[in-house]
Structure formats: C-alpha cells, structure tokens
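Reading through the structure tokens given below for one structure.
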Number of protein chains: 2
Amino acid sequence: MSDALQELPPPALPPEIAALLQRLHRLAPLEEADVAQVAALARQAPRETGPRQELRAEGIRGAPLLLLSGWACRIRILPDGRRQIVSFLLPGDIIGRQQPSLAELCSIASLTRLRHVDASPLFVATPEGGLARALHALALQDVAQLRDQVVRLGRQMAHERLASLLLEFEARLGAAGLAGDGRFAMPLTQEVLADALGLSVVHLNRTLQQLRREGLIALKGRVVTLRQTAALRAIADWQPPPQLPD
Amino acid sequence: MSDALQELPPPALPPEIAALLQRLHRLAPLEEADVAQVAALARQAPRETGPRQELRAEGIRGAPLLLLSGWACRIRILPDGRRQIVSFLLPGDIIGRQQPSLAELCSIASLTRLRHVDASPLFVATPEGGLARALHALALQDVAQLRDQVVRLGRQMAHERLASLLLEFEARLGAAGLAGDGRFAMPLTQEVLADALGLSVVHLNRTLQQLRREGLIALKGRVVTLRQTAALRAIADWQPPPQLPD
DNA sequence: CGGGCGGTTGACAAGAATCAATGTGAGTGG
DNA sequence: CCACTCACATTGATTCTTGTCAACCGCCCG
C-alpha cells in the first residue's frame, strides 16, 4: 500500500476506514470535507496491542482510538474477583470518545490482538457538521446498547440473554462489514461471554448447547452462525437499530 | 413569587434552579453568561405531570425537560410483561437530552407527580462554553450510572444491588440538595425497586428486611436512612462520583 | 511428552422466583 | 363512625434457575 494512493479519499481506502465511512454516512449524511477528515485517518500507521492488555486503567483518560481490528471490552472487577463485562468494543468502534470525567470505575481491556489508530482528528472543532452529527449518533448507539445490556441482565433468562447478545454482535459486525447472512467470527472464550452475560461459565456452556440443540445457532471453531434469526429475535425481544436505507 | 424578582439571577432563584446551578458549576466552572442562561429557566411556569404517565413513548422524541420535582424512570417492558427499569430520573436531572436516534426501545414514565420546565434553552448554540462542558459532564454521569446498573444486575447479589442503588440515590439527591446525612425521601413502591434491581417483589422485600435487621438502613414511611454508609459502600463496592471541591 | 487452557459433563447447593395467603393502612362511601 | 376496598407490604411453602465444585477431555504448543 503506497502512501500516494491513500492521498485520494475515495479509491484505495483501507476496508476498515471505508466501512467506518459507510457506517457514519448512514447515521448522518456526510459532506466532502467530512469524508476527507475521516479518510485522513488512513494515513496513520496502525498501532498494535496484544490480547489481554489493559488499554485504560480505571479513571485514566487518553486519546480516543478507532479500532480497526480485534475485540475489546469495558470491564469492571469487584474486590472479590467477580468480573462484569459492561460492553464490547468491536472493529469500527471508537474507544474512549468520551473521556471519563474523573474517576471511571471501568477499565478497558483488549480481548484479542488489536489494531487501532488515533481517532482524535475526528473530534477537532466541527460544531455542526455532518461528521459531528454522525459521531453523536454513534455515541447514542452506545448508550442504547448499554440499555439493552441492562434489560438482558435484569429481566431475561440465560438463553434470552445469549440470543440477544449474539444478535447484537451480528448487527454491529454487519455494520462494519464483518458479518453477513448471520455468520461472523466471535473470538471470545466462554468465560468472557459468561462475564458479559452475568452467568457462570458452566451455565453459559449449557445454554450455548441448548441453542445449538434447538437448531437456533451453530458454532464451529470461533465462527457463529445464526440459523433462525427470526426465532432468535422473538426469544430475545431484540430488533435491529434503525438506519437510513442504503 | 413576582416575576420582577425572578429577573435577577442570583437572588430569589427557586431552590431547584439554584441547586442545578451548584451542580453544574461543580462539574465545570460556569461563567456569568452561563449562569444567566440557566437562571432564565426560572422564568418558565413549571408544568405538571401526574404519576404513572408515559412521558415519552418508545422512539418518540420531544424537547428536553428539566425535572424540578418528582421521580421518573426509563423503563422497558418485555412482550410477556416483565419490566426492567433501566435508570431513574431524579429532581434536577435533565430528561431526554439526547433525543433517541430513531427507535428507542425504552420509554420514560413518571413514578410520582412531576414538575418540570422546558430545558431546551440550555442547549442553544454554546459550542465551547462552560455550560456546554457541564452539560456534557452531566451526560457522562448518566452513562457511568448505567454502567453501575449493569454491574449491579450482572454480578451482584440482591443485598449488594440494593445497597448500591440506595447509595446512588443518596449521592444524587444530595447533589440536588434533597439528601443529607444519609436521609432522603424515596417515593417508590417495592415493586418499582424490584423492577429496577432485577428481583421479584417478594425477594426485594426480604432483602430490605435483611438490611434493616443488620442495622445498615432504616425505613420509615417513604424515608430512607443509611445508618452505616461505610459498611454499605463496602458491601456494594460503591464510591461517590468525584467532584470539584466546594 | 507434558502442561495448560478451554470446553464439557455430572452432582449438588443456594439464591431467587413463584404461588398463595395474610396483614396493614389510607381512603371512601354508606 | 364504621364497614369496605384497594394498594402495598409481609410471610410461608415450594419450585426452579443458576452457581459451585470437581472431574475429565481434547487440543495446541513448547
């Protein structure tokens, strides 16, 4: 990949940046200047972080990052070792957009190897542009996902929680161009899933098997296939986040 | 209350607005123009809403409101009737600041009689002022509270959840000038508390009694007294949100 | 080959839900 | 003033979902 090619926004953009552009454009129409601002991220050499690293300790702020590949999470650990994964950070997501006001009890940890670039160029002084609106909509999606997580943990059974989370993964990865037709790679151990869903590993394992036995999902290696999306949605009372068409 | 007096921001401000000013000022220093902008809210005649009303149906947007008195909540109801209260809205909070992008599965409902004014004057075109920073910090607090809720529901026992929520109430009401010394009014039925904590009413009742029996809290009428704040904090792994001093 | 991690399984315990009944207190109408 | 009602709180008995403990398997990798 030569630098010369990447000077031109539309052609020869790395797929991750192109997917981000698509996604932002669907949230709020971007103008040319906005597109250029996003495309400029492609000029950065991606940085890498190994798996199981703490990206942000509790209450530490840093520059926002655009996650190009790999999965991360916000996690909180109780004094006796219980762990709760609060939210997942997937490729195409922006990490640490909103700096923790002062002390934030959650830390951010990588679950796999990550590739990321500095996202702060997106946030420089665009009071009312399409980009600002799109980034704001992105933040609202994050909050909506948090609310879904609350409902899952508060009032749903184990199999409903799992179905709901898998549907969320499929939708989010689909928006980033990493899932289609109900299939996606999920590089998580069952322990991580359990910590996200508020279940024990053992029970999560049995719940996974239940969904498989019922033909609702399939699981080969780390690839998930949602076999009956409609049934899963009914179980989880989940619906995809609305988007502008095309 | 004559209108003439309320023209002057600093003196004769209704206590609710004064408390909001205090709270915002602690989040980010306000300048005179900011103070005036907030104080202008006092010129509105408060509107009222009865208890158990739906303020915002799912996915409907409206003007942001400043809640002067009364309690409300964001709630999601599953098809089979299970209900989860996602977050509480307390006096001094701003409701519906971030309009739901399109469809929002949560609706907002009043739990008591409410008094509120239109808060949209706060959001007019202040790109980089102290008020904008303070309002942003307020939004971050909301998200932090959502994360706490996730941890409660995902990884804490019933008595830990309850302790955590009561501590949050005390802190938030304290910031609004409605709690001091661990005492505050909590106009909620046990059913509402149960729906917030992901518990059954029966179990919540027993959990309340457990905390009372252990001398950690007291409950007379609808007034809660936190008798051993330190112990409660240890149980709930809860700590107050950091603020600028004074 | 050994070791460890992740996944799977069974037996059992425990937290929490459900069902059902009773208590209590504030209104309300006769 | 007193039954009556209604909403809310409380209690006991029982069921069920989920957690815990422990063992075992399969597999990758040094």
Side-chain angles (χ1 to χ4, degrees), chain A residues 50-52 71 78 80-85 111-113 151-165 185-214 217-224 235-236, chain B residues 50-52 71 78 80-85 110-113 151-166 185-214 217-224 235-236:
Chain A
R52 295 158 200 249
W71 289 38
L78 297 179
D80 65 353
R82 283 175 286 178
R83 300 189 307 168
Q84 177 63 45
I85 289 179
L111 297 167
T112 69
R113 199 169 58 89
V151 174
R152 272 196 283 268
L153 297 175
R155 279 295 181 230
Q156 293 193 301
M157 307 269 96
H159 65 283
E160 297 167 329
R161 295 184 202 184
L162 181 53
S164 172
L165 186 61
M186 180 174 71
L188 304 179
T189 66
Q190 295 189 356
E191 186 178 4
V192 168
L193 271 179
D195 282 337
L197 294 176
L199 300 170
S200 66
V201 195
V202 173
H203 198 64
L204 177 87
N205 179 295
R206 293 182 169 131
T207 307
L208 266 174
Q209 292 178 52
Q210 181 193 337
L211 291 191
R212 274 189 287 192
R213 217 179 313 119
E214 292 168 352
I217 66 170
L219 202 51
K220 289 181 218 137
R222 299 249 139 131
V223 174
V224 179
I235 289 172
Chain B
R52 294 157 200 247
W71 290 37
L78 297 180
D80 65 354
R82 283 175 286 179
R83 299 188 309 168
Q84 177 63 47
I85 289 179
S110 60
L111 296 167
T112 69
R113 199 169 59 89
V151 174
R152 272 196 283 267
L153 297 175
R155 279 295 181 231
Q156 293 194 301
M157 308 269 96
H159 66 283
E160 296 166 330
R161 296 184 201 184
L162 180 53
S164 172
L165 186 61
L166 292 178
M186 180 174 70
L188 305 179
T189 66
Q190 294 189 359
E191 186 178 3
V192 167
L193 271 179
D195 282 337
L197 295 176
L199 300 170
S200 67
V201 195
V202 173
H203 198 62
L204 177 88
N205 180 293
R206 293 181 168 131
T207 307
L208 265 173
Q209 292 178 52
Q210 182 193 337
L211 291 192
R212 273 188 287 192
R213 216 180 314 122
E214 292 168 353
I217 67 170
L219 202 51
K220 290 181 217 134
R222 299 250 137 130
V223 174
V224 179
I235 289 172

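So you know, we letter chains A, B, ... as the sequences are listed, proteins then strands, and number each from 1. Values below: every heavy atom of this structure, side chains too, minus hydrogens, waters and symmetry copies.
Recorded end-axis angle for the helix from C:dC1-D:dG30 to C:dG30-D:dC1 stands at 30°, based on five pairs per end and rounded to 10 degrees.
By the 4.5 Å heavy-atom criterion applied to side chains, A:Arg161 and A:Thr207 are not counted as neighbours. Two residues are said to be in side-chain contact when any heavy atoms from C-beta on lie closer than 4.5 Å; A:Ile217 and A:Arg212 meet this criterion. By the 4.5 Å heavy-atom criterion applied to side chains, B:Glu191 and B:Asn205 are not counted as neighbours. Side-chain atoms of A:Leu162 and A:Gln210, non-hydrogen and from C-beta on, never get closer than 4.5 Å to each other. Considering only heavy atoms from C-beta on, A:Gln84 comes within 4.5 Å of A:Leu153 through its side chain.
Annotation: the span from B:His159 atom NE2 to B:Gln209 atom CD amounts to 15.5 Å, rounded to 0.5 Å. Rounding to the nearest 0.5 Å places CZ of A:Arg222 at 11.0 Å from OG1 of A:Thr112.
When rounded to the nearest whole Å, the span between CZ of B:Arg213 and P of D:dT10 equals 12 Å. In this structure, A:Gln209 atom CD and C:dG10 atom P are separated by 9 Å, rounded to whole Å. What separates CG of B:Leu219 from C1' of D:dA9 is a distance of 11 Å, to the nearest Å. The interatomic distance linking B:Leu193 (CG) with D:dA9 (C1') rounds to 13 Å, in whole Å. For A:Gln84 and D:dG19, the CD to P distance is 11 Å, given to the nearest whole Å.
Within the 4.0 Å cut-off from OP1 or OP2 of D:dA9, not a single side-chain nitrogen or oxygen of B:Asn205 is found. Neither OP1 nor OP2 of D:dA9 sits under 4.0 Å from any side-chain N or O of B:Arg212.
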Apply side-chain contact (heavy atoms from CB on, under 4.5 Å) to residues B:Leu78 and A:Val151 and explain how you reach the verdict.
CA-CA 9 Å; B:Leu78 297 180; A:Val151 174; 4.1 Å; yes
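With sequence neighbours excluded, the residues that form a side chain to side chain donor-acceptor pair (under 3.5 Å) with A:Arg82 are A:Asp80, B:Glu160. Scanning for side chain to side chain donor-acceptor pair (under 3.5 Å) contacts around A:Ser164 gives A:Arg152, with sequence neighbours left out.
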Per-nucleotide protein contact string for nucleotides 12-20 of chain C, where B marks a base within reach and S marks sugar-phosphate only (heavy atoms under 4.0 Å, - for neither)
----BSBB-
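Taking both residues in full, the closest heavy atoms of B:Pro187 and B:Trp71 are given as CD-CE2, 3.4 Å, listed atom of the first, atom of the second, then distance.
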Using nucleotides 4-6 of chain C, report all nitrogen or oxygen pairs with the protein that are shorter than 3.5 Å.
{"residue": "C:dG6", "atom": "OP1", "partner": "A:Arg52", "partner atom": "NH2", "Å": "2.7"}
{"residue": "C:dG6", "atom": "O3'", "partner": "A:Arg222", "partner atom": "NH2", "Å": "3.4"}

Atom pairs under 3.5 Å: protein N/O with N/O of nucleotides 25-29 of chain D:
none

